[in-house]
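Report on the structure given below.
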Amino acid sequence: MNDLVEYLLNLVHNPAQAEEFRANSDAKIASSYLSDDDKAQLAEMVANTPAPEQPVIQSGRFYVGDDHGHNVKVVSSATQDIMADVDPAERKAHRVKVADTKGEWPHPNRMILKPIGNSEVYLDHILLDDGVGRLKAKITALTIEVEDDQTGDDA
Amino acid sequence: MIKRAMTHKGSLVVVGTGIQLGGHLTLEAQAHITHAEKVLYVSGSKIMGDWIVSLNKTAESLAHFYAPDKPRAATYSDMADTIVAAVRGGQRVCAVFYGHPGVFVQPSHEAIQKARAEGFDAKMLPGISAEDCLFADLGFDPADHGCQSFEATDFLIRTRIFDPYSTLIIWQIETIGQLNQKTEVGRNGLHVLVEYLQKSYTATHPVTVYQAAELPVQQPFIHTCPLAHLADAPIPHVATLYVPPLHEKPLDPAMLTKLGLRTEKR
């Protein structure tokens, strides 16, 4: 068995280590026992994982609420900075806190989102309205979760 | 003492690797790979192939039958013929396919049918399919609203009738209308799919493009967008579309009564 296969199978047998790898792949690859060729291959495998942060929404203000009568809560994120024109390659590393959760996209009063389990829904290229009709900034990602047993439109 | 010549009759077992390297292979499937006299495989990646070879040194890839602009049907037929030829040669053959060996794998079924028709023992073992991963990663139960599953091109060219109040899963949306081996996503096919689905769903109905993680170092690909934006969405090389139901379908009072689940009003 070659070293790279063995390395990957070890991760299969150690879920915690696999999780740690996925969270910090660059450092884990660098510190591994693998040869330079294998390290390069492994880095390529990680890089080829399609990143979910791709443009979804063209423009518009947004409202938080799903289409099943639940409230949807915007979970705060790592940074409060709203980034304008961030290089797509850099977006993956950021989460943006959203303070104002009302708006419209694409329906006049609702952003129809269906959260699936607790998975993250990434909303790239939301263009915020500053209240006087000017596009202000881009949001790179939101994390949403369903609040059960609550019905209403306000987030 | 009568001395009989030993005749070794070939046999075939078809197994699946599951989607993720190593973690999805059943113990039974691994035993068949390890103990086979000849292993023929189609893997999802080179690393998966390396692993199969590490389990059995006789392992030989069938991927060379793929060729640009060669009809997929011809490729699959060549694969099945190669598998059956090894069985005819008197070997205990194990054919290994990516995912579940009986789900979206034509040569596995074809090889079993041909081998059986010629009097050889042939069977298939179940494996973990992309759909199994989808249920886990997207977190829904197909029993909740029912679940319909179609191959994308077949879904369109036969204008399949489906129930939008039930979950809809559409496979291979990256190759709609492409009968040959292609490497690029067919965006035109996606536009046609969106147009067809918009007869049953609104443009804002959320849909999810999905691909299971193939390696323990990867995350599954999950991209949710409005149906109207699907044709411009990022599409991985093996993409499945999850379309959630519109909403809960109303109960049928007459059927409830027939089943004794509700008493008729007097």
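Computed from a prediction, not measured in an experiment: that's the story for all the values here. Computed from heavy atoms alone, side chains included, the values below leave out hydrogens, waters and symmetry copies. First the proteins, then the strands, lettered A, B, ... as listed; each starts at 1.
Here the closest non-hydrogen pair linking B/Leu215 and A/Met45 is CD1-SD, 3.5 Å. Scanning all heavy atoms of the two residues, the minimum distance from A/Ala18 to B/Pro216 falls at CB-O, 4.2 Å.
Contact of the B/Gln218 side chain with the A/Val46 side chain is not registered, since no non-hydrogen atoms from C-beta on lie closer than 4.5 Å.
For B/Asp252, the CG atom counts as densely surrounded, since its 6.0 Å shell holds more than 12 non-hydrogen atoms of other residues, nucleotides or ligands. The environment of CD in B/Gln198 is crowded: more than 12 heavy-atom neighbours from other residues, nucleotides or ligands sit within 6.0 Å.
Remark: B/Asp50 CG to A/Glu6 CD distance equals 13.0 Å, nearest 0.5 Å. Annotation: the span from A/Tyr7 atom OH to B/Ile47 atom CD1 amounts to 12.5 Å, rounded to 0.5 Å.
Chosen from A/Leu11, A/Leu4, A/Val12, A/Leu42, the residue pairing most often with chain B at heavy-atom distances under 4.5 Å is A/Val12.
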